[in-house]
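Worksheet: the structure to be examined is printed underneath.
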Amino acid sequence: MPDDTCRRHLAEAGLPADRVEGLMGVCTAARAGEFAAQDPTLTTLTDRAPTGLEGVLRDRLA
């Protein structure tokens, strides 16, 4: 979805302008792949590999 469309939808949902811009920053970072890397510390702390969103949704919606 184009940024301007996303901004419009968020604003129409009642989010204040500063929150809209904050969320747009997260979207921009996600598109740039900034959340793609996984730190191995999480696996060490939980003693299991992280579960991706697709797996969580599949389990919850099954």
Identify the heavy atoms of Q38 and P50 that sit nearest to each other, and give their distance. OE1-CG, 3.7 Å
Please give me the minimum heavy-atom distance between T43 and A49, naming the atom from each residue. OG1-CA, 3.8 Å
Could you see if M24 belongs to whatever hydrophobic cluster contains V26? Use Ile, Leu, Val, Met, Phe, Trp, Tyr and a side-chain cutoff under 4.5 Å. no
Greater than 12 external heavy atoms within 6.0 Å of [X]'s [atom1]:
X: E12; atom1: CD; value: yes
X: R8; atom1: CZ; value: yes
X: R31; atom1: CZ; value: yes

Interatomic distance, L10 atom CG to E21 atom CD [nearest 0.5 angstrom]: 9.5 Å
Once you round to the nearest 0.5 Å, how far does CZ of R48 lie from CG of L42? 7.5 Å
